[in-house]
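All remarks here apply to the structure that follows.
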Amino acid sequence: MKRWHLAALAVLAAGWAARVRAQSAVIPLPRIEVGVSGAEGPADVAVTLQILALLTVLTLAPAILVMLTSFTRIVVVLSFVRSALALQQTPPNQVIIGLALFLTFFTMAPTWQAVYQEGLQPYLAGELSQEETLARVTAPLRAFMLQHTRERDLELFVELAGIPRPETEADIPTHVLIPAFVISELRTAFQLGFILFIPFLVIDMVVASTLMSMGMLMLPPVMISLPFKVLLFVMVDGWHLITRSLLASFQ
């Protein structure tokens, strides 16, 4: 009986092996080739340069999102809030960055809509050339940056660039506008952060003075003031107020 079982198992194994060999013979393995060949005409070179430019833009996409939008101001203010509350990792960095991203998408939605309607949509329909598309795509972004850039910061980079004083907004080069916009956003973010620090600083001072008057010099004031700061933040609906103030600062 045992010999019969062994013979049956051998027949099944042989059939399974034959089936695997047949399937491997029918389905060939893919072959990947990487090489450089000569261009047959100027059109091939143009397509290659377009692909290279697209890859470059995709590589710089994080920097574009951070520097050319409202992300810088929002993420700095949210970081100030966490520091003012004396919370080390609450909310965690993932939550702070995620909230900053979605608030950025909310504030930049009209700008992105203008970029799509005025630039990308006509280009995809074949109505615009690449040069015209680039000009129309950058126009809404430049308008947003000019709206939130201080004149003093623009004057600084115009002077450092060594170019004549622009007479109109269209005469301002983009490579001058971007750094001026970034430092203006940082200044605004630090101003908002300073205002956020004041009420929590008052709580720290009151708690420290109380502990000193009671002779509790060895008790860390931060440990006592932390619950009061969190309670104050919750009672005044802090996240609602901060979000509303941030969004209102871009209007």
Would a line drawn from the ring center of F80 to the ring center of F190 be shorter than 6.0 Å? yes
Do the side chains of S70 and F144 get nearer than 4.5 Å, heavy atoms only? yes
Measuring from T104:OG1 to I97:CD1, what's the distance to the nearest 0.5 Å? 11.0 Å
Under 4.5 Å between any side-chain heavy atoms of L192 and S245, yes or no? no
Less than 4.5 Å apart, side chain to side chain, heavy atoms only: is that true for I172 and L154? yes
Taking the basic N atoms (NZ, or NE/NH1/NH2) and the acidic carboxylate oxygens, is any pair closer than 4.0 Å for K229 and D204? yes
For the pair S209 (side chain) and V206 (backbone), establish whether a donor and an acceptor sit closer than 3.5 Å, ignoring hydrogens and angles. no
Can a salt bridge be assigned to the pair R152 and E159 using a cut-off of 4.0 Å between side-chain N and carboxylate O? no
Is there a side-chain contact (heavy atoms from CB on, under 4.5 Å) between W112 and T69 once you walk through the steps? CA-CA 10 Å; W112 297 130; T69 63; 3.8 Å; yes
Would you say I198 ends up clustered with F228 if hydrophobic residues are merged whenever their side chains have heavy atoms under 4.5 Å apart, either directly or through other cluster members? no
Could you tell me if the side chain of R82 sits less than 4.5 Å from the side chain of N93, heavy atoms only? yes
Taking the six-membered ring of F250 (Phe, Tyr or Trp), confirm whether the NZ or CZ of R73 is under 6.0 Å from its centre and within 45° of its axis. yes
Indicate if L85 and F194 have the same hydrophobic cluster label, given that clusters are the connected sets of ILVMFWY residues with side-chain heavy-atom separations under 4.5 angstrom. no
Note, V158 side chain near P166 side chain (heavy atom, < 4.5 Å): yes
Does a salt bridge link R165 with E155, judged by any charged N lying under 4.0 Å from a carboxylate O? yes
Of V95, L196, I96, which meets side-chain contact (heavy atoms from CB on, under 4.5 Å) against L78? I96
Flag yes if I195 and L201 sit in one hydrophobic cluster, no otherwise; membership is Ile, Leu, Val, Met, Phe, Trp, Tyr, and two members link when side-chain heavy atoms are under 4.5 Å apart. no
Do the side chains of V234 and L99 join up, straight or via other hydrophobic residues, at under 4.5 Å, putting them in one cluster? yes
Side chains of T149 and S184, donor plus acceptor under 3.5 Å: no
CG (L103) and CD1 (I74) are apart, to the nearest 0.5 Å, by 5.0 Å
Is it true that F71 and F102 fall in one hydrophobic cluster, defined by side-chain heavy atoms closer than 4.5 Å? yes
Let me confirm one number: the CG-CG distance from L177 to L146, rounded to the nearest 0.5 Å. 4.5 Å
Value rounded to 0.5 Å, distance of CG in D153 from CD1 in I183: 3.5 Å
Measuring only between side-chain heavy atoms, which start at C-beta, is V81 closer than 4.5 Å to F233? yes
Gap separating the CD1 atom of I203 from the CG atom of L231, nearest 0.5 angstrom: 8.5 Å
Minimum heavy-atom distance L141-L68, with the two atoms named: CD2-O, 4.4 Å
Distance-only, no hydrogens or angles: does the T243 side chain make a donor-acceptor pair with backbone N or O of H240 under 3.5 Å? no
Considering all heavy atoms, the nearest P91-W239 contact: CG-CZ2, 3.9 Å
Atom NE2 of H148 and atom CD of E185: how far apart are they, to the nearest 0.5 Å? 7.0 Å
Is the shortest side-chain heavy-atom distance between Q191 and L186 below 4.5 Å? no
